[in-house]
**Q** 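Sending over a structure as structure tokens; questions will come in a sec.
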Protein chains: 2
Amino acid sequence: MILSIDFNSDEAIYMQLRNQIIFGIATEEIREGDSLPSVRQLAEDVGINMHTVNKAYSVLRSEGFLKLDRRYGAVIALDINKIQAIEDLKNEMRVILAKAICKNVTEQEAHAMVHQIYSDILD
Amino acid sequence: MILSIDFNSDEAIYMQLRNQIIFGIATEEIREGDSLPSVRQLAEDVGINMHTVNKAYSVLRSEGFLKLDRRYGAVIALDINKIQAIEDLKNEMRVILAKAICKNVTEQEAHAMVHQIYSDILD
DNA sequence: GTGTCTGTTATATAAATAGTATAACAAACA
DNA sequence: TGTTTGTTATACTATTTATATAACAGACAC
């Protein structure tokens with residue numbers, strides 16, 4: 001799995017890592033039980049500090065994507081709380097769809113976008 | 001228009017204001033040409049600093065929701081750049097849908113959610 | 001003109017967050 | 001025994017967030 005950082009992005013480095021790893025899981029590039037590089041290894045690979053990677057891993061653990069183990073390092077372990085996931089999604093969608101509605105994006109266009117993203121990720 | 005701040009939220013105050021004003025525009029509670037309270041007035045009303053309101057207004061202006069005028073204060077003025085809006089929406093949706101997919105949220109469920117949010121906001 | 005209301009700009013300060021740097025610890029294991 | 005793992009601690013810098021005070025110029029009512 002290739003992880004790359006845009007140091008000019010306004011998005012925090014640990015969030016860029018977090019998002020890319022979530023994409024990797026969604027696309028099944030990495031699966032339940034797979035190990036991620038150790039915090040030190042990944043930090044060296046992408047040229048950032050160990051603690052920044054550790055923060056990304058900690059966020060992913062608290063969000064139910066990872067298990068951190070002294071023996072095996074960071075292991076993909078999905079905690080599927082669908083009620084929570086739907087609640088989170090709804091809250092996040094409300095804000096970005098409200099913005100889209102102000103800009104005259106139609107419901108049809110939003111549906112088309114959801115469909116395309118699902119296809120991009122799953123196919 | 002009622003604006004309220006949750007001081008215990010992890011979301012920045014100026015972003016809470018920004019989001020609530022976007023909701024107000026989406027629901028047509030406030031419309032093109034309507035004025036928002038002055039930075040000083042709103043700051044006093046919700047009990048925050050003038051500069052925090054000013055930052056919210058500045059963000060809204062740069063995102064194409066407001067026009068700031070010395071005579072009339074902050075006036076709703078939508079700059080509809082639909083290409084940009086769709087691009088923004090797609091990028092924001094990609095992240096939250098990737099997360100949802102990891103948690104087994106189906107495309108059907110995502111569509112239902114989009115439909116419900118559009119209905120909630122527009123009806 | 002005077003006073004008052006706009007947004008705007010400039011400083012200063014405090015707190016929190018983000019990122020880096022170095023170091024040490026205990027568990028696991030070859 | 002030595003190495004690797006996550007974990008924790010401390011320290012430092014930079015940026016962001018929020019507050020506080022102050023001043024400025026344009027607009028406008030009196």
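Within every chain, numbering begins at 1; the chains are lettered A, B, ... in the order of the sequence lines, protein sequences first and strands thereafter.
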**Q** Taking 4.0 Å as the cut-off, does a side-chain nitrogen or oxygen of A:Ser38 come that near to OP1 or OP2 on D:dT5?
**A**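 So the side-chain polar atoms of A:Ser38 do come within 4.0 Å of the phosphate oxygens OP1 or OP2 of D:dT5, strictly under.
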**Q** In whole angstroms, how far is the P atom of C:dT4 from the CD atom of B:Gln41?
**A**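 Rounding to the nearest Å, CD of B:Gln41 and P of C:dT4 are 16 Å apart.
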**Q** Looking only at the side chain of A:His51 (C-beta and beyond, no hydrogens), which of the listed nucleotides D:dC28, C:dT9, C:dA21 gets closest?
**A**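 Taking heavy atoms from C-beta onward, the closest nucleotide is C:dA21.
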**Q** To the nearest Å, how far apart are B:Tyr14 OH and D:dT19 P?
**A**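 To the nearest whole Å, that distance equals 13 Å.
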**Q** Give a yes or no on whether B:Met15 and B:Ile21 share a hydrophobic cluster (residues Ile, Leu, Val, Met, Phe, Trp, Tyr; joining criterion: side-chain heavy atoms under 4.5 Å apart).
**A**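 Per the 4.5 Å side-chain linkage, B:Met15 and B:Ile21 are not co-clustered.
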**Q** With a 4.5 Å cut-off on side-chain heavy-atom distances among I, L, V, M, F, W and Y, is there a chain of contacts connecting A:Ile86 to A:Ile25?
**A**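 Looking at the clustering, A:Ile25 is in a separate group from A:Ile86.
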**Q** With DNA chain D as reference, determine whether B:Ile13 or A:Ser58 sits nearer its 5' end, using the nearest nucleotide of each.
**A**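 Between the two, 5'-proximity favours A:Ser58.
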**Q** Which part of the nucleic acid, if any, lies within reach of B:Tyr57 when heavy atoms closer than 4.0 Å are counted: base, sugar-phosphate only, or nothing?
**A**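 Nothing: the residue B:Tyr57, judged by heavy atoms under 4.0 Å, touches no strand.
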**Q** About how many Å separate OH of B:Tyr14 and CD1 of B:Ile48, when rounded to the nearest 0.5 Å?
**A**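 Between B:Ile48 CD1 and B:Tyr14 OH, I get 12.5 Å after rounding to 0.5 Å.
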**Q** Once you round it to whole Å, what is the distance between P of D:dT19 and CG of B:Leu42?
**A**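 After rounding, the reported distance stands at 12 Å.
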**Q** Could A:Lys103 and B:Phe65 be counted as a cation-pi pair, given that NZ or CZ must be under 6.0 Å from the ring centre and within 45° of the axis?
**A**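 A:Lys103 over B:Phe65 ring: yes.
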**Q** Could you tell me how far apart A:Asp69 (CG) and D:dT7 (P) are, to the nearest whole angstrom?
**A**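 Interatomic distance, CG of A:Asp69 to P of D:dT7: 9 Å.
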**Q** Starting at atom CE of B:Met50, determine the distance to atom C1' of D:dT19, rounded to an integer number of angstrom.
**A**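 Checked: the CE to C1' distance equals 11 Å.
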**Q** Would you indicate which nucleotide in C:dT6, C:dT8, C:dA21 comes nearest to any side-chain atom of A:Asn49?
**A**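 Between C:dT6, C:dT8, C:dA21, the one nearest the side chain of A:Asn49 would be C:dA21.
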**Q** Between A:Tyr72 and B:Leu36, which is nearer to the 5' end of DNA chain C once each is assigned its nearest nucleotide?
**A**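 Its nucleotide being nearer the 5' end, the pick is B:Leu36.
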**Q** Starting from C1' on D:dT15, measure out to CZ on A:Phe7 and report it in whole angstrom.
**A**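 Between C1' of D:dT15 and CZ of A:Phe7: 17 Å.
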**Q** Starting at CG of B:Leu17 and ending at P of D:dA18, how long is that distance when rounded to a whole Å?
**A**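 The distance from CG of B:Leu17 to P of D:dA18 comes to 9 Å, rounded to the nearest Å.
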**Q** Regarding B:Arg70, tell me which of base, sugar-phosphate or nothing describes its non-hydrogen contacts under 4.0 Å with the strands shown.
**A**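 Touches a base.
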**Q** Using side-chain heavy atoms (C-beta onward) and a distance below 4.5 Å, is B:Ile22 in contact with A:Val95?
**A**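 A side-chain contact under 4.5 Å is absent here.
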**Q** If each of A:Lys55 and A:Arg71 is mapped to the nucleotide of DNA chain C with the nearest heavy atom, which maps nearer the 5' terminus, i.e. the 5' end?
**A**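 Of the two residues, A:Lys55 wins.
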**Q** Taking only side-chain N and O atoms of B:Arg61, does any of them lie within less than 4.0 angstrom of OP1 or OP2 on C:dT8?
**A**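 For C:dT8, OP1 or OP2 has a side-chain N or O of B:Arg61 closer than 4.0 Å.
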**Q** Between C:dA18 and A:Thr52, is there an OP1 or OP2 to side-chain N/O distance shorter than 4.0 Å?
**A**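 It does not, given that no N or O in the side chain of A:Thr52 lies less than 4.0 Å from OP1 or OP2 of C:dA18.
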**Q** Taking atom C1' of D:dA20 as reference, at what distance in whole Å does atom CG of B:Asn54 sit?
**A**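 For the pair B:Asn54 CG and D:dA20 C1', the rounded distance is 14 Å.
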